[in-house]
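In each ligand, atom 1 is the first atom listed, and ligand 1 is the first ligand listed. Just the heavy atoms: all of them, side chains too, but no hydrogens, waters or symmetry mates, feed the values below. Note that the numbering runs from 1 along the sequence shown for the chain.
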Amino acid sequence: MNVSPKHLLFTPQPWQLEIDRLIPEQAMLEETLFALANGYLGTRGTMEEGSQPGQQSCEGTYLNGVYHSEKITYGEVAYGYASHNQKMQLVPNGKIMQLRLDNQLVNLSDASAGKRWLDFRSASLHRQMHWQSPTGKQILLTTSRFASLSQPNLICQRMEIVAQNFSGDIDLSTLLDAAYQFSPNKDDPRVGVLSLDDSLMLHQQQSTDEQAWMLHQVKDGPFRIASATAVSASQPADNISHINSDKQVGQQWRFRLVQGVKLIVDKFISYQHDQQMEFGELLLSCQDKLQQAKTMGWDQMLAEHKHQVAEFWQNSDVQINGDPALQQGMRFNLLHLFMSIGKNGHCNMGAKGLTGHGYDGHYFWDTEIYILSVMTATNPELTKQCLTFRYRTLDGARQRARQMSHSRGALYPWRTIGGDECSAFFPAGTAQYHINAAIAHAIRSYFTATADWTFMQDMGAEMLFETARLWLSLGHFNPQKQDRFCIDGVTGPDEYTAIVSNNFYTNAMAQAHLRFAVQIAAKLQDKNRPAYQLLCKSIGLNDAEISSWAKAADKMYLPYDAKLGIHAQDDSFLDKKPWDFANTPADKYPLLLHYHPLVIYRHQVLKQADVVLAMFLLDDAFDQQQKARNLAYYEPLTTHDSTLSSCIHSIEFAETGQYQRAYEFFHDSVRMDIDNRHGNTEYGIHTACMAGSWMSIVQGFAGLRIRPDELVFTPHLPAHWDSYSFNLQYQGRHLQVSVAKDGVRYLLKRGATLSIRHHQQELTLSSNQTLHIAKVQS
Ligand code: BGC
């Protein structure tokens, strides 16, 4: 399944993604891949000159957590349907820098040669091109851009212009543009339809020699937004005029170019949003940021940004030696995860990060099950920030639970930005109650990996308890099934099966959730009785209720088919007719775009890992034979139409010793977006899949399992590789693991003595010590 480099759009390079051809039909894909973000904001990798008529492009700059509400129109409504969609807000585009020479627009499509590249080491986007005017004047143009990771309100952009064979005037328009448009494919439910026009209300705008700014109120949402730009140049302009037209502000500069002398123009773009701040304050804050950036200058701004990125790589880099395309894919994925993830506790991580309109910018369980697996093990502070966001939206989850007729507890939304349920199709939305278990799972993993008791006491326990108690209200002790605890009317992770009884994944995850909640309740009571009592009082919790969690967990019904020796996906799944894969042509995938949901629901067919995902997350609740049998049954029924699927199969194939299949599935995840394997990366990256590619290596090939008192590894080296290595954080320690042909090396870079289990061997590692284990299982 190795893809030969000549079929790849991008040449494999370890630290960058580069393209040196112009492929017009691929423009939107590049805009996604070359998007930049810093968690606070994100902007697509569009051209500085803006899109030209007839060119396919999807402009977008987004602020994480900022949305407008749109009433959802149903043909037929029912009680409790999500009423409004919270759509990620588009904001003015500050990247526009249009050059005109002799009245001719300098743009990439007319360039004689050019390339663009994303540099992973510095999280910055670059472009270089040669351009010639109709009269033969030649220009060398270089641009650089980064979304500052040290000053999250800022995007910095530099343009360098060299007149190669002439001296003369050149005009540069630097704009803040609130007029960009985009009409996506409305027949694909995964593509978000966002519009700037319908959602932003202009309060004020202005342009001066120093700055250009706009103030907007989000029409149907609580947000006020300030956007501003400032420009500084390496030489004074001969003339400046202001642009202050409808929905565009900025300046037009006339510079005198001298042959061979570089003109450098830096543009700083700042955004600030808030629900309470007055416009005046917002603007001042934006202007302050711009002033600071100008005073510091490009070099220092870049140095501080690079410092943050370097720290990220130190904590997170994964090296794959022996396959440059996979190495490139891995680092590309990690960088995008780091760039897009919310870092301030007020926002989270969209399924598409901050790189495109897809799924309207919504946050899903993708964060807790996939993305936070990576962050918890490499940058746990970021996990804490994302869980803090869930804590801030706990009240909304409580209200949603009441609306869904649960008298207690909290039900988190399947998809959201601000905390409200935004799923218009409830069978594959609200019915996915396993979102509660996903959040509990992330809390459990974070706590295991960090032992952060402060977080648990301040936020974690309350979220755990409120989500745990919901299972008791949702499920029941079923006399038809020997009083087992059953959960009806839910949808599991596999969205090709909906509204079933006893989805194995949901029940098993709820069981783990309830047990962990009981354990934390006991621990809190023990460690800090007043805090425990206060929490119980504030949420109306008592010992009897906690005992009922333990009872439900113990009596949880976990469907099993003794004849097949497998776990049934739910009560009815195994009775259904298997999907006729042999007669389904390749162009009918993904099934969701070609068959009515009911047709799909009537069959044994999976969109993505379901039982197989439970096997990974719940790990030693299954033995190896059970895992192998479940995999052998479910994988052939799985379309992997969701990008969340391949990586989990890779992990489970690795765990059961089927390394070739594990490798094939890993391959599919790691270059999912770079190679546009699902054909929809134009609308944004697939963040869960990106995280999944890390999981396939670290939790699949290396077999990492994080336990409260040790780290467990069962490393395997894929046959095609010379070696691989990765970095981890665990309870304050920094560890590097390298798996090579001659063995495995564990290096404890920082922190107190660490216990490791390597296969069955117990090891102890002290600070700065490297242990080399000579034998690698193959
Ligand atoms: C998957 C969901 C996922 C969503 C967002 C869907 O296609 O089935 O599991 O949460 O995409 O990534």
So which bit of L644 gets within less than 4.0 Å of ligand 1, heavy atoms only: side chain, backbone, both or neither?
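Within the 4.0 Å criterion, L644 contacts ligand 1 through side-chain atoms alone.
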Please determine whether any non-hydrogen atom of Y363 lies less than 4.0 Å from an atom of ligand 1.
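It does not, in that no heavy atom of Y363 comes within the 4.0 Å cut-off of ligand 1.
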In Å, rounded to the nearest 0.5 Å, how long is the span from CE of M695 to SG of C689?
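That separation rounds to 11.0 Å.
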Can you tell me how far NE2 of H640 sits from NZ of K607, rounded to the nearest 0.5 angstrom?
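So the gap between those two atoms works out to 13.5 Å.
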Under 4.0 Å from a heavy atom of [X]: give me the atoms of ligand 1 that qualify, with their elements.
| X | value |
| --- | --- |
| K607 | 1 (C), 6 (C), 7 (O), 8 (O) |
| A351 | 5 (C), 12 (O) |
| W365 | 2 (C), 3 (C), 9 (O), 10 (O) |
| W414 | 10 (O) |

Which donor-acceptor pairs under 3.5 Å do side chains of residues 31-38 form with protein atoms, sequence neighbours excluded?
| unit_1 | atom_1 | unit_2 | atom_2 | d |
| --- | --- | --- | --- | --- |
| E31 | OE1 | R44 | NH2 | 3.1 |
| E31 | OE1 | C58 | N | 2.8 |
| E31 | OE2 | S57 | OG | 2.8 |
| T32 | OG1 | M28 | O | 3.4 |
| T32 | OG1 | R44 | NH1 | 2.8 |
| T32 | OG1 | T681 | O | 2.7 |
| T32 | OG1 | E682 | O | 2.9 |
| N38 | OD1 | Y40 | N | 3.0 |
| N38 | OD1 | L41 | N | 3.0 |
| N38 | ND2 | S148 | O | 2.8 |
| N38 | ND2 | P152 | O | 3.0 |

Establish, for the pair K576 and Y601, whether the NZ or CZ atom is under 6.0 angstrom from the six-membered ring centre and no further than 45 degrees off its axis.
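Negative - K576 is either too far from the ring of Y601 or too far off its axis.
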Can you tell me which residue pairs pass the side-chain hydrogen bond (donor to acceptor under 3.5 Å, both in side chains) test with a partner in residues 428-437, sequence neighbours excluded?
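Applying side-chain hydrogen bond (donor to acceptor under 3.5 Å, both in side chains) to every pair that reaches into residues 428-437, excluding sequence neighbours, yields R400-T430, H406-Y433, E421-T430, Q432-H434, Q432-E495.
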Going by heavy-atom distance to atom 9 (O) of ligand 1, choose the closest among K352, H434, Q608.
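It is Q608 that holds the nearest heavy atom.
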Nearest neighbour of atom 11 (O) of ligand 1 from the list F364, Y496, Y370, Y359, on a heavy-atom basis
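That would be Y359.
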For the residue pair F573 and D610, establish whether any side-chain heavy-atom pair is separated by less than 4.5 Å.
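Heavy-atom side-chain distance check fails, nothing below 4.5 Å.
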